[in-house]
Protein chains: 2
Amino acid sequence: MTTARASAAPEPSGDGTAGRRGRGGGAGTKGVPRALREEQILAAALEEFGRHGHAAASMAEIARRVGVTKPMLYTYFGSKDGLYTACVDHIGPRLRAAIEEAMASGPEREALPRAVLAAVFDTLQDCRHAWFVLYDRTLPHDSAPWQAARRHRAAVDGLAAAGTAALLQAEGNDDALDADALKHVWTGTVSALVGWWIAHPELSAGDMTARWSRLVAAVRTGA
Amino acid sequence: MTTARASAAPEPSGDGTAGRRGRGGGAGTKGVPRALREEQILAAALEEFGRHGHAAASMAEIARRVGVTKPMLYTYFGSKDGLYTACVDHIGPRLRAAIEEAMASGPEREALPRAVLAAVFDTLQDCRHAWFVLYDRTLPHDSAPWQAARRHRAAVDGLAAAGTAALLQAEGNDDALDADALKHVWTGTVSALVGWWIAHPELSAGDMTARWSRLVAAVRTGA
DNA sequence: CCTTGGTAAATTACTGAGAGGTCACATCCA
DNA sequence: TGGATGTGACCTCTCAGTAATTTACCAAGG
């Protein structure tokens, strides 16, 4: 299906004196294979959806960022909800796998949150807004994107739940609601850190992890 | 301006055999003074905007919840952005005042977050979604609602900043970025708790505060 | 080597629905 | 009567979604 033939697509894109083409910017193919275009569209959509939310994001704007027109998005992804769902299906498993790997590498109890955060930052370093595609409170209830996001969040949060529940049980707390609330506080903390990271583009994933360690140290000894 | 005259408005609303009116549900006044209607609209708008976000919320739906038609909303608030701004101007100062009062009553350093949270939960108990009107990441950049929300958040966050900065400095950390990040983590924690509270309507503000205390205790001694 | 058809990659131009916003008019109370 | 409260109908514009068409590439076949 992929039939990836060219190493790097020519993509004159914008050049007025189009290379081998007579008319600059006409209809026809630009030599970009479908698989590659899908990746480009997905990347642009992750950013737009993450930045503005499902409702405020516009298909035309996503197409414009890619350097393509709307019908391409619809031939490749069917609908706005289809594209959003594809975004969720793209970033969800990647986050889940990264977190699973971080947890499986068996850090000590105390360093586990740090390891998970490092995995999250590492996964999001080139698409930081993608986090908020998964954690968008404004998705229309029961829509396809809502269900997809819910499913993938459950997978990610399940890992968090394991850690937080163990922590509470170690203190003799078996309240299921407490565990659920603490899980939410954890994902909320991750959201806050990712949101802050977006506002500081110059910082690397490693910078963020280091900062987290410093904050935890301060809060644990102080407070 | 208020001229609140009636103790409780009659509001037949929906009753086919309207009380004293010939035509059921016609045009004319329903005896609800402007100030009261504005409160009703504001309450409905806070819920709708908080639940669905600025873009996905619809003026028609807000009007329907109040039992009124769209032109009323525009007569009273001018525009969608005007209504959103009014929501922000309504909840922002209330939250700020509550937090200020909680901090001014001088709890010990350690109990300060708990006191602030109690104030927040108390303020939001009848309009929990309102928090997300203030903290909506999807507001169109530089729009009037965005600026208003930013301003009020700054006021609320400023109080948080005082606490977090003091905490870090006590540990010998003077990094301004660390303080800013910790402030965001704090507001993210509040957001997470409020979001979780929305999913558990049966819990009171007091329940939430107690739960917070339990979680903090577990996390501090453990982890 | 050059046509030639088939397929993949794109675009232009359009439609339709829904939501923001407005206007003229209706009703009620003082 | 006049101002406050309120509605029905309408306008307009954006945006999701679609149909028809156009161009480029690629492989055979003459």
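Proteins come first, then strands; the chains are lettered A, B, ... in the order of their sequence lines, and each starts at number 1.
Whole-Å rounding puts the Leu36(B) CG to dA4(D) C1' distance at 14 Å. Look at CD on Glu38(A): it is 15 Å from C1' on dA10(C), rounded to the nearest Å. Residue Arg34(A) contributes atom CZ, which lies 17 Å from atom C1' of dC25(D) at whole-angstrom precision. Atom OH of Tyr76(B) and atom P of dA4(D) are 10 Å apart (whole Å). When the C1' atom of dA9(C) is taken as reference, atom CE of Met72(A) falls 6 Å away, rounded to whole Å. Rounded to whole angstrom, the span from the CD1 atom of Ile41(A) across to the P atom of dA9(C) amounts to 11 Å. Distance Leu73(B) CG to dC23(C) C1': 17 Å, rounded to the nearest Å.
Note on Arg150(A) versus Asp157(A): no salt bridge recorded, every NZ/NE/NH1/NH2 to OD/OE distance being 4.0 Å or above.
With hydrogens and angles disregarded, a donor-acceptor distance shorter than 3.5 Å links the side chain of Arg137(B) to the backbone of Gly50(A).
Scored by the salt bridge (charged side-chain N to carboxylate O under 4.0 Å, His left out) test, Arg96(A) finds Glu100(A) as partners (sequence neighbours excluded).
Surrounding CD of Glu101(B) are at most 12 heavy atoms belonging to other residues, nucleotides or ligands under 6.0 Å away.
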Considering only distance and modelled atom types, tabulate donor-acceptor pairs under 3.5 Å from the side chains of residues 61-72 of chain A, sequence neighbours left out.
residue, atom, partner, partner atom, Å
Glu61(A), OE1, Arg64(A), NE, 3.2
Glu61(A), OE2, Arg64(A), NH2, 2.9
Arg65(A), NH1, Glu48(A), OE2, 2.7
Arg65(A), NH2, Glu47(A), OE2, 3.4

Under 4.0 Å protein heavy-atom contacts per nucleotide of nucleotides 17-22 of chain C, with B for base, S for backbone only and - for none:
---BBB
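Evaluation of the side-chain hydrogen bond (donor to acceptor under 3.5 Å, both in side chains) test over residues 113-128 of chain B, restricted to residues two or more places apart or in two chains, returns Arg114(B)-Ser213(B). Listed by first and then second residue, the ring pair (Phe, Tyr, Trp, His ring centres under 6.0 Å) pairs that reach into residues 134-163 of chain B are Trp131(B)-Tyr135(B), His141(B)-Trp146(B), sequence neighbours excluded.
If you check the side chains of Arg37(A) and Gln40(A), you find a donor sitting under 3.5 Å from an acceptor. Checking Asp81(B) against His54(B) by side-chain atom types alone, a donor-acceptor pair falls below 3.5 Å.
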When you compare the protein's N or O atoms with those of nucleotides 4-7 of chain C, which come within less than 3.5 Å of each other, and at what distance?
none

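The phosphate of dC28(C) (OP1 or OP2) has no side-chain N or O of Thr29(B) nearer than 4.0 angstrom.
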